[in-house]
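Each remark here refers to the structure printed beneath this line.
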Amino acid sequence: MMLAIQDYTQLTDAEAEARIVAAKQTLGERLVILGHHYQREEVFRHADFSGDSLKLSREAANSKADYIVFCGVHFMAEVADILSRPEQTAILPDMAAGCSMADMANLANVERAWRELAEVLAPDEQVTPVTYINSAADLKAFCGRHGGIVCTSTNAQRVLEWSFSQREKVLFFPDQHLGRNTGYKMDIPLEEMVVWDFDLPLGGLTPEQIKQAKMILWKGFCSVHQMFRPEHIDAFKAKYPDSYIISHPESPFEVCQKSDYVGSTEYIINTIRDAAPNTRWLVGTELNLVNRLHQQFKHEGKHVHFMSPTVCMCSTMFRIDPQHLAWVLENLVAGYVVNDVHVAPDEAVQAKLALERMLEVSP
Ligand code: 13P
Ligand code: SF4
């Protein structure tokens, strides 16, 4: 009989842990667990592979396991389903683990934007649509069928270079900050990057502003990274003038401008790992990762601090707990698949096109 989640929610973390370990052992090579860096420690320790969005997409594409259990958020499990073979199954331990930024763009809004842009220019000839991987599969499919591409925080610059080699402008969704931070690094002036407000006709822009823009940035953002402010950096620097600042590119422009280093979660980990002992770091990314970095490197005398004075973590990433992980794994042992994530076949084909373009241009 299929096992019910209600029988797991009361388990202590230690009980869930023991059951996860036993189920993993029984499932052996039929199972792979992928864990994003933002996962809480009690889940993260069970991951066979950890990484940022790009690295985990590659792991999913290369995995031979029957079951790919994704400890991350919904769009990541969708990518695993799209890039894996049809006989493999992608599983998300808690279906409520979404991404609030991904939800800020939907197909209806993006198609409306495309139609409205067509009143001013010829989007299919002049605009490459670029979606951040933090988006639903139907938006990746939109990019696939309109000559567009997907990006992650690791490859955003390469993806934009490719995009501008195809067409003169880019429509970038859903994260305005990743778009702006990357565009600026590529010497695109701020005045040539306009924000498309999806609640307003023509994005709240004039036809002239659209014609003059190089990048049209969707008005989306990450609720976690928007908490980081330039004042936090100023206060920290006043206290520790010799410290280093490192931020994720989902952070606001002013924060990235004041940072010594900007990059994906994997980049942040590698930079601090490779830094000299006894260095001090202020880190602008999700709290679970920053806490892990603090623990991991304190024996080298590295001091790792969280950028925001308030506790802000990704509440949707946090939904994946050991109880849900134990539940999906024990169901697999019992012969039941629960919480499998499926992208409709025609949508998956088009989304795969945009993802494969990304993988081809990625470092
Ligand atoms: P990366 O791990 O790819 O840097 O992305 C961070 C993130 O917000 C995932 O949702
Ligand atoms: Fe989405 Fe932000 Fe959470 Fe990443 S940290 S999953 S972008 S809400």
Side-chain angles (χ1 to χ4, degrees), residues 34-40 43-44 47 49-60 70-80 83 92-106 130-136 139-140 150-159 172-179 181-182 218-228 246-252 255-256 259 261-272 283-293 306-308 311-320 355 358-359 362-363:
L34 304 182
H36 187 266
H37 293 305
Y38 292 164
Q39 287 292 298
R40 57 167 94 183
V43 169
F44 189 80
F49 297 98
S50 59
D52 62 6
S53 309
L54 179 65
K55 191 169 159 195
L56 292 177
S57 306
R58 287 199 167 118
E59 292 296 349
F70 216 122
C71 296
V73 287
H74 193 265
F75 72 80
M76 297 180 178
E78 280 187 335
V79 170
L83 293 179
L92 183 68
D94 184 344
M95 286 298 200
C99 163
S100 53
M101 176 211 282
D103 293 342
M104 289 177 191
N106 62 46
V130 179
T131 188
Y132 189 21
I133 197 163
N134 297 37
S135 58
L139 291 184
K140 297 184 176 82
V150 179
C151 79
T152 74
S153 54
T154 294
N155 56 27
Q157 182 162 344
R158 292 270 184 106
V159 166
F172 191 96
F173 45 88
D175 186 21
Q176 59 171 300
H177 298 298
L178 177 64
N181 288 323
T182 313
W218 200 257
K219 200 182 174 188
F221 59 87
C222 165
S223 46
V224 179
H225 290 83
Q226 69 147 1
M227 303 291 281
F228 305 128
I246 188 164
S247 306
H248 193 280
E250 287 172 15
S251 306
V255 168
C256 290
S259 299
Y261 304 91
V262 177
S264 76
T265 53
E266 192 78 11
Y267 171 86
I268 292 172
I269 294 167
N270 293 343
T271 305
I272 297 180
V283 185
T285 198
E286 207 269 347
L287 184 61
N288 279 290
L289 172 56
V290 180
N291 283 342
R292 191 174 309 119
L293 287 167
F306 185 56
M307 193 176 285
S308 171
V311 175
C312 58
M313 60 172 98
C314 178
S315 53
T316 48
M317 283 275 182
F318 199 69
R319 294 199 74 104
I320 309 292
L355 281 162
M358 170 190 85
L359 292 173
S362 293

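Computation of the quantities below employed the complete heavy-atom set of this structure, encompassing side-chain atoms and omitting hydrogens, waters and symmetry-equivalent molecules. In listed order, ligands and their atoms are each counted from 1.
If you look at F306 and F228, their ring centroids are closer than 6.0 Å.
Put simply, the side chain of T182 does not reach to within 4.5 Å of the side chain of V159, judged on heavy atoms. The shortest distance between side-chain heavy atoms of F70 and P93 does not fall below 4.5 Å. D175 places none of its side-chain heavy atoms less than 4.5 Å from the side chain of C222. Using a 4.5 Å heavy-atom threshold, the side chains of S50 and H36 count as separate. A heavy-atom distance below 4.5 Å is found between the side chains of S247 and M307.
When non-hydrogen atoms are compared, ligand 1 lies under 4.0 Å from the side chain of N134 (C-beta onward) but not from its backbone. At a heavy-atom distance under 4.0 Å, atoms from both the backbone and the side chain of T265 approach ligand 1. Counting heavy atoms under 4.0 Å from ligand 1, residue E266 does not touch it at all. Under 4.0 angstrom from ligand 1, there are no non-hydrogen atoms of H37. With a 4.0 Å cut-off on non-hydrogen atoms, K55 does not touch ligand 1 at all.
Protein N/O/S atoms found under 2.8 Å from atom 3 (Fe) of ligand 2, listed by chain and residue number: C314 SG.
Of all atoms in ligand 1, listed by their number and element, those nearer than 4.0 Å to a heavy atom of M76 are 9 (C), 10 (O). With ligand atoms numbered from 1 in the order given, ligand 2 contributes 2 (Fe), 7 (S) to contacts under 4.0 Å with heavy atoms of E250. The contact set between ligand 1 and H248, taken as ligand atoms under 4.0 Å from a residue heavy atom, comprises 1 (P), 4 (O), 5 (O), 6 (C).
A distance of 9.5 Å separates NE2 in H248 from NE2 in H37, rounded to the nearest 0.5 Å. Note that CD of E250 is 10.0 Å distant from SG of C256, once rounded to the nearest 0.5 Å. In this structure, CE on M76 lies 10.5 Å from CG on L34, to the nearest 0.5 angstrom.
Among the atoms of D52, none of the N or O lies under 3.5 angstrom from an N or O of ligand 1.
Ranked by closest heavy atom to atom 3 (O) of ligand 1, the top entry among C151, G263, S264, S53 is S53.
Ligand 1 lies within reach of H36, whose nearest heavy atom is under 4.0 Å from it. Ligand 1 has Y38 within reach: a non-hydrogen atom of the residue lies less than 4.0 Å from it.
For atom 8 (O) of ligand 1, the nearest non-hydrogen atom of the protein is E250 OE2, 3.0 Å.
Between the side chains of D52 and S153, no donor-acceptor pair of N or O atoms lies under 3.5 Å. A donor atom on one side chain and an acceptor atom on the other are found under 3.5 Å apart for T285 and Y38.
Ring planes of W218 and F173: perpendicular class, angle over 60° (limits at 30 and 60°).
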